[in-house]
Amino acid sequence: MNPLTDQMTKCESCPRKCRVNRLQGETGFCRIGANAQISHVGLHFGEEPPISGTNGSGTIFFAGCNLRCAFCQNYQISQEFQHGTTQTMTTDELAAAMLRLQERGAHNINFVSPSHVIFQIADAIIAAKEKGLVVPVVYNSNGYDSVDALRQIRGLVDIYMPDIKYMNNELARRLSAADDYADIIPGVLAEMLDQVDHLEMDARGIAVRGLLLRHLVLPGHLDNSCKCLQFLADLSPYIFVSIMSQYSPQYKACDYPEINRTLRRDEYDQITDYALDLGLENAFIQHLASHDHYLPDFARKHPFNSASSGRRGGKRERFDRDVVK
Ligand code: SF4
């Protein structure tokens, strides 16, 4: 079988469809060529409880991105490629990194920002499985994925963990330079759900398979959050969704007055109440006072040293404010 990366001679790995020849060193919107660029590999304890568990999630952070989110908290590696924050990895090196995380006890291998390197990742998963990888593979994306590419990697990913950022193309254009995000995301989520179904956990509460959505509530854009949650409720009331309050004005957020602040409690309450009203039964919510706990610094050897695992989880009953906030 030819490596999946072979088809990057006219790259359509993501919805941008730049059609550049990445195998010859050309780069498109994501600015990443033939090999993936890795910014951090390590156990991470700040994900949702079924993902981090007790041993941690085996995260692999990729540099570059196919979005340009003005508020990106990982802008050092997604947009600026700051000196010393990235390292090129071949397929075999990426597979070896996965196996080392498994040896360290990771509950899963968690690919963070994988959309623009989906085929490099797929080839590495195949290589790692041949060498003994058995823990679940998590595809932790911004949701701006190619449905065709996802179909081609069917069977390689156990847990899809995409964002649903927008159900408003104008907002997606303004804040993330993706004027078709709201058109793309429904097909992506339908494909992911078809491949892995709803989130399943083992007896310890650790995720083994399925779909877990994430939605970051943006200050001043509650209508967008409501539309995203409405879409998910229509897709399935049993869908697992993490409603995130951790927004912090990073990167170029200061250029957009309405998002140049953290989220207020009343805004987050409004959105979590709305999710409850919609009948979304499986939701994770966060402590509101945790904005800075999640901010990494990729210029450090251990970017998440000051991060806490403040994300809280629970089913519908844990939406009760007295319990979770
Ligand atoms: S993965 Fe990169 S080069 Fe390929 S289509 Fe997307 S943005 Fe363009």
Side-chain angles (χ1 to χ4, degrees), residues 2-40 60-82 85-91 93-94 110-126 137-154 156-157 160-166 169 172-189 191-192 195 251-252 298:
N2 290 332
L4 285 158
T5 40
D6 275 1
Q7 57 194 297
M8 294 193 311
T9 52
K10 286 187 181 174
C11 188
E12 296 188 357
S13 299
C14 87
R16 299 276 175 197
K17 295 189 175 177
C18 300
R19 299 194 176 96
V20 293
N21 187 343
R22 293 173 68 181
L23 300 185
Q24 291 294 323
E26 294 176 12
T27 55
F29 187 93
C30 64
R31 294 176 287 179
I32 298 295
N35 287 316
Q37 301 273 331
I38 290 21
S39 291
H40 177 65
I60 300 178
F61 283 77
F62 293 96
C65 189
N66 63 346
L67 293 181
R68 294 272 187 276
C69 299
F71 50 87
C72 182
Q73 68 173 17
N74 294 346
Y75 68 93
Q76 292 168 302
I77 61 170
S78 68
Q79 309 298 335
E80 295 190 344
F81 301 93
Q82 288 184 4
T85 61
T86 71
Q87 142 185 31
T88 300
M89 278 197 193
T90 64
T91 300
E93 289 168 339
L94 191 49
N110 182 350
F111 295 113
V112 184
S113 297
S115 307
H116 58 297
V117 283
I118 183 170
F119 294 129
Q120 292 94 326
I121 288 170
D123 284 340
I125 295 170
I126 292 168
V137 167
V138 182
Y139 186 93
N140 179 350
S141 84
N142 57 32
Y144 197 57
D145 287 287
S146 157
V147 173
D148 285 345
L150 290 171
R151 285 188 183 134
Q152 291 187 65
I153 68 161
R154 189 180 187 107
L156 294 179
V157 170
Y160 280 108
M161 192 161 66
D163 295 335
I164 177 168
K165 289 180 179 294
Y166 308 104
N169 279 332
R173 181 198 62 75
R174 183 164 174 263
L175 296 182
S176 296
D179 60 8
D180 58 354
Y181 186 98
D183 300 330
I184 296 289
I185 192 73
V188 167
L189 299 188
E191 176 62 25
M192 290 176 172
Q195 286 190 23
Y251 192 38
K252 297 181 177 174
F298 288 94

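Just so it is clear, the values below take in all heavy atoms, side chains as well, and ignore hydrogens, waters and symmetry mates. Counting starts at 1 for both ligands and their atoms, in listed order.
Checked by atom type and distance alone, the side chain of D123 pairs as donor or acceptor with a backbone atom of L4 at under 3.5 Å. A donor-acceptor pair under 3.5 Å is formed between the side chain of Q195 and the backbone N or O of L150.
Around atom 6 (Fe) of ligand 1, the protein N, O or S atoms found under 2.8 Å comprise C14 SG.
Each of S78, S113, C65 was evaluated against N142; a single residue qualifies, C65, per the side chain to side chain contact (heavy atoms under 4.5 Å, CB included) test.
Distances below 4.0 Å separate heavy atoms of R22 from the following atoms of ligand 1: 1 (S), 3 (S), 4 (Fe).
Here the side chains of Y166 and S176 are in contact, with some heavy-atom distance below 4.5 Å. Using a 4.5 Å heavy-atom threshold, the side chains of R22 and V117 count as touching.
For D145, the side-chain hydrogen bond (donor to acceptor under 3.5 Å, both in side chains) partners at least two apart in sequence or on another chain are S115, Y139, S141.
One side chain, D180 or Y144, offers a donor N or O that lies under 3.5 Å from an acceptor on the other.
Proximity of R31 to ligand 1 is not established, as no heavy-atom distance is less than 4.0 Å.
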